[in-house]
Undergrad: 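Let me give you the structure first, and then I'll get to my questions.
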Amino acid sequence: MSDESSPAAIDAVPLRHPWRWVAAIVILVLIGLFLWGAATNEAYGWETYVKYLFDRRISEAAWNTLQLTIYSMILALVLGVLLAVMRLSPNPVLKAVSWTYLWIFRGTPIYVQLVLWGLVPVIYQNIQIGVPFGPRLFEFTLADPNVFWLAVLGLGLNEAAYMAEIIRAGINSVPEGQTEASVALGMSWAMTMRRTVLPQAMRVIIPPTGNEFISMLKTTSLVTAIPYSFELYGRSKDIGVGLFQPVPLLLVASTWYLAITSILMVGQYYLERHYARGASRKLTSKQLEALAKAQMGEPHP
Amino acid sequence: MTAATEPMVRAESVCKNFGALHVLKGVTLDVGRGEVLCMVGPSGSGKSTFLRCINHLEQVNAGRLYVDGELIGYRERGGKLHEMAPRDAARQRRDIGMVFQHFNLFPHRTALDNIIEAPMRVKRVKKDAAVARAKDLLDQVGLAAKADAYPAQLSGGQQQRVAIARALAMNPKLMLFDEPTSALDPELVGEVLAVIKKLAGEGMTMVVVTHEMGFAREVADKLVFMDGGVIVESGPPREVMANPKHERTKEFLSKVM
């Protein structure tokens, strides 16, 4: 590889960064002081914290929170894609419907929407499906609704308005030439969207969607407005109030929120990597290896 | 007219306007089967727009355009024209290959996947058959080794050759080239023109919008010079280039040759 004529590799003294060390030490000292204070402060109730961190009721509440998040995000994603595609379609009726939906659901606070969803059973006692002024085909009562799904509905329908805008931005980021090339190959508009535009839009859509996912995880704490209180915040608050020790239970809830967020961030990393295919000239490690071998005169695998 | 003698492309007074802007003001021409037509002219003369009308990427406003005897973009029923349903327009485009100035390869798919996409999704060709055909086409354009490369990892010339292979994979009866070498570095132009030249030799019917006068002289059966939305002059390329009859043609040729 290296022969007599090639110059020796550079072995320079690296640049020193003394101020980075100073800043790090100052920050570590401050953190240490805070931790010491927290550890010795009775109000934190660390014994209670440890006791309830893995309490059955808390882990069940965390599971409920995660389910609320996932179901409402699925609803938001499906409806968001639909709304974004409607907004961009050449059909003026679909455009107007999408615009109006966004105007209402993005223009009113989520808390107010959740309270209203909670009141739906009061406003509509039962729902009938049938021919207007004609026979009734289907009827169900709302007297005793499943509050969990009401919460999913409330969160999902609100989030869909935001997701629609994120997805629309993603779709608009794909160059027009991509649509033209697909159409010129005989692909339909729907197939062009599904096979060409949306996969490329994903690269732009995923980072803010990860953001929305994490944001949704925390927004679920508002569903006490419905009222649904078997999720993480509601449960922790109830237990804490019962014990007259709100602080350790809030710390328990925060720990769980942080843990779930961390897991979601890992998922986001892999999704982003998947949809970055072809976005860079940089060769994959497999391709680099093959090229290096070729350079050394070894046969291509 | 029988199918054999009928031209592949027949344009009758084709007009296209974008609002008040008239881009095509009555273009009439025929492209015979196996013929190569090169279109030249200053930018804004309407040659690219005309090309895009042939596969209905742009809708014709007046006149008629036929490909292989079939009216493009409209259906004639009871002496009246009806706008064509998107599905029927897509069916017409399947048989017309198009190559773009900026390649427009799908960046999220490898060269091979770019080529098999339309045959598999649109024509429902089995994967094995589509892959075999794609590899054959990549070999024909001299890129057999690049099947697994993403477009961003290829040079402009290589990308354009993959784009030609992608269009050919649908077995088109007509190929449209929209300034296929205008976005390329000078030293890469030759490799793309060589592929197009080979296609011409194999009897493919082609309409090529280009600025490469040498290429046009060598490959074209007919040269069309457009300016201001009309055909100013047309004929065998050597004749038009050697003895341009119109002042505008002379002026244009003196600038580009």
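Every chain is numbered from 1 and lettered A, B, ... according to where its sequence line falls, protein lines coming before strand lines.
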Undergrad: Shortest non-hydrogen contact from Ala184(A) to Met98(B)?
TA: CB-CB, 4.2 Å
Undergrad: Under 4.5 Å between any side-chain heavy atoms of Arg52(B) and Glu180(A), yes or no?
TA: yes
Undergrad: For Phe18(B), is the CZ atom crowded, meaning more than 12 foreign heavy atoms sit under 6.0 Å from it?
TA: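 Yes, the 6.0 Å shell around CZ holds more than 12 heavy atoms from other groups.
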Undergrad: Counting only heavy atoms not in Glu187(B), do more than 12 fall under 6.0 Å of its CD?
TA: yes
Undergrad: Is the shortest side-chain heavy-atom distance between Arg121(B) and Leu185(A) below 4.5 Å?
TA: no
Undergrad: Can you check whether anything in residues 135-147 of chain B gets within less than 4.5 Å of chain A, heavy-atom wise, and list it by number?
TA: none
Undergrad: With a 4.5 Å cut-off on heavy-atom pairs, point out which of Gln92(B), Arg109(B), Met170(B), Arg91(B) contacts chain A the most.
TA: Arg109(B)
Undergrad: Within a reach of under 6.0 Å around CD of Glu83(B), are more than 12 heavy atoms found that belong to other residues, nucleotides or ligands?
TA: no
Undergrad: Under a 3.5 Å distance rule, please check whether Asn104(B) uses its side chain to pair with a backbone N or O of Gly177(A) as donor and acceptor.
TA: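 Side chain of Asn104(B) to backbone of Gly177(A), a donor-acceptor pair under 3.5 Å: yes, one is there.
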Undergrad: Could you look at Ile96(B) and say if it's the side chain, the backbone, both or neither that has a heavy atom under 4.5 Å from chain A?
TA: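 Only the backbone of Ile96(B) comes within 4.5 Å of chain A.
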Undergrad: So which part of Leu105(B) gets closer than 4.5 Å to some heavy atom of chain A, the side chain, the backbone, both or neither?
TA: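 Only the backbone of Leu105(B) comes within 4.5 Å of chain A.
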Undergrad: Which one wins on heavy-atom pair count under 4.5 Å against chain A: Pro119(B), Pro107(B), Pro151(B)?
TA: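 Maximum pair count with chain A is reached by Pro107(B).
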Undergrad: If I measure from the heavy atoms of chain A, does His108(B) come under 4.5 Å with its side chain, its backbone, both, or neither?
TA: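 Answer is both: backbone and side chain atoms of His108(B) are under 4.5 Å from chain A.
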Undergrad: Name the region of Arg195(A), side chain, backbone, both or neither, that has any atom closer than 4.5 Å to a heavy atom of chain B.
TA: both
Undergrad: Please flag which part of Ala90(B) lies under 4.5 Å from any non-hydrogen atom of chain A: side chain, backbone, both or neither.
TA: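 Contact with chain A involves both backbone and side-chain atoms of Ala90(B).
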Undergrad: Within a 6.0 Å radius of atom CZ on Arg94(B), are there more than 12 heavy atoms belonging to other residues, nucleotides or ligands?
TA: yes
Undergrad: Relative to chain A, which segment of Phe106(B) carries a heavy atom at a distance below 4.5 Å: side chain, backbone, both, or neither?
TA: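 Phe106(B) touches chain A through backbone and side-chain heavy atoms alike.
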Undergrad: Need one label for Asp148(B): side chain, backbone, both or neither, based on atoms under 4.5 Å from any heavy atom in chain A.
TA: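 Only the backbone of Asp148(B) comes within 4.5 Å of chain A.
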Undergrad: Checking Trp149(A) now: which residues fulfil ring-ring contact (aromatic ring centres under 6.0 Å, His included) with it, not counting sequence neighbours?
TA: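 So Trp149(A) forms a ring-ring contact (aromatic ring centres under 6.0 Å, His included) with Tyr71(A).
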Undergrad: Side chain, backbone, both or neither: which part of Met187(A) has an atom under 4.5 Å from a heavy atom of chain B?
TA: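 Both parts, backbone and side chain.
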